[in-house]
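Beneath this line is the structure, given in structure tokens, with notes to follow.
Computed over heavy atoms, backbone and side chain alike; hydrogens, waters and symmetry mates excluded.
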Amino acid sequence: TALTILVVTGIAANLIRVERRRIHEESSARIDALLEGVVRLARESLISKDEIMLLSYLKFLMQGYEEIEVATVSREGHSSVLGEVRTELFYRTLTVTENMAATAERTGGGLPRAAGVWSQDSPSAGYTIQLGFSKTALDRQIRKAQLALAVKVLSTASVGLLLGVAGSLW
């Protein structure tokens, strides 16, 4: 009986640990996919010389993604700011040119700073876009997914535990 309890508890704990990592990776992949869309539209906006297209898209994204609180677009010394800071943010900064230069930089509260320039163009030849993501909203989304995971794992583990104990006593 003790062995059954130990095995089921170990499997459940390991499953929760593995799934937590997957949830964090999915959250990061979601943000990366969002940023890829911003880069594509920013490039199109540059080619068509229509900054309003980019600003409209960013405003649309901010309405659909609660975690985006602030978006800043800078070009040739001019900056446009959408939204306002309400919580602690972590920033992703993109630099986009017509030649498809893009850099991504993570900043904010202990997050790693990593940036790589993929083109020799100067930032003034394109847009510098900074998106501020609410740490509170991102953490809330992750906690919600983790809670759903914990409920599933614990209910499955409970059934397994009951069947295991019943089988060992039979």
### Message
Just to verify, what does R20 make a salt bridge (charged side-chain N to carboxylate O under 4.0 Å, His left out) with, not counting sequence neighbours?
### Response
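Listed in chain order: nothing, the list is empty.
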### Query
By salt bridge (charged side-chain N to carboxylate O under 4.0 Å, His left out), which residues pair with R22, not counting sequence neighbours?
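E19, E26.
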Minimum heavy-atom separation for [X] to [Y], with atom names?
| X | Y | result |
| --- | --- | --- |
| Y127 | E51 | OH-CA, 3.3 Å |
| V8 | A157 | CG1-O, 3.4 Å |
| K152 | S155 | O-OG, 3.0 Å |
| L35 | L94 | CD2-CD1, 3.9 Å |

### Task
Can you sort out the partners of F133 under ring pair (Phe, Tyr, Trp, His ring centres under 6.0 Å), two or more places apart, ordered by chain and number?
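Scan of F133 (ring pair (Phe, Tyr, Trp, His ring centres under 6.0 Å), adjacent residues dropped) gives F90.
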### Query
What pairs meet the salt bridge (Lys or Arg N to Asp or Glu O under 4.0 Å) rule with one or both residues in residues 137-150, with sequence neighbours excluded?
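Output for this query lists E66-R140.
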Using side-chain hydrogen bond (donor to acceptor under 3.5 Å, both in side chains) as the criterion, list what pairs up with [X], not counting sequence neighbours.
| X | answer |
| --- | --- |
| S48 | none |
| R17 | N14 |
| T87 | E69, S134 |

### Query
When you look at R86 and T136, which way does the side-chain contact (heavy atoms from CB on, under 4.5 Å) test go after all the steps?
CA-CA 10 Å; R86 295 181 301 272; T136 305; over 6 Å; no
### Query
Which other residues end up in the same hydrophobic cluster as I142, if Ile, Leu, Val, Met, Phe, Trp and Tyr are linked when side-chain heavy atoms come under 4.5 Å apart?
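Members other than I142 - counting any ILVMFWY side chain reachable under 4.5 Å - are L15, I16, I23, L149, V153.
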#### Entry: Hydrophobic cluster partners of L6 (side-chain heavy atoms under 4.5 Å)
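Traced through the cluster, L6 reaches no other member.
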#### Entry: Qualifying residues under side-chain contact (heavy atoms from CB on, under 4.5 Å), relative to V81, sequence neighbours excluded
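With neighbours one apart ignored, the set is V70, T72.
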### Query
side-chain contact (heavy atoms from CB on, under 4.5 Å) with I47: which residues, sequence neighbours excluded?
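Result, side-chain contact (heavy atoms from CB on, under 4.5 Å) vs I47: R43, E98.
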#### Entry: Polar side-chain atom of S28 near backbone of H24 as donor-acceptor pair, under 3.5 Å
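Answer holds: no.
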Euclidean distance, [Y] [atom2] relative to [X] [atom1], rounded to 0.5 Å:
| X | Y | atom1 | atom2 | value |
| --- | --- | --- | --- | --- |
| L163 | S158 | CG | OG | 10.5 Å |
| L161 | L154 | CG | CG | 11.0 Å |
| E76 | T128 | CD | OG1 | 11.0 Å |
| L131 | L34 | CG | CG | 7.0 Å |

Could you pull out every donor-acceptor pair under 3.5 Å between side chains of residues 53-61 and any protein atom, sequence neighbours left out?
from : atom 1 : to  : atom 2 : distance (Å)
S56  : OG     : I52 : O      : 2.9

### Task
Identify which one of R30, M62, K135 satisfies the side chain to side chain contact (heavy atoms under 4.5 Å, CB included) criterion when paired with E67.
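The single option meeting the side chain to side chain contact (heavy atoms under 4.5 Å, CB included) with E67 is R30.
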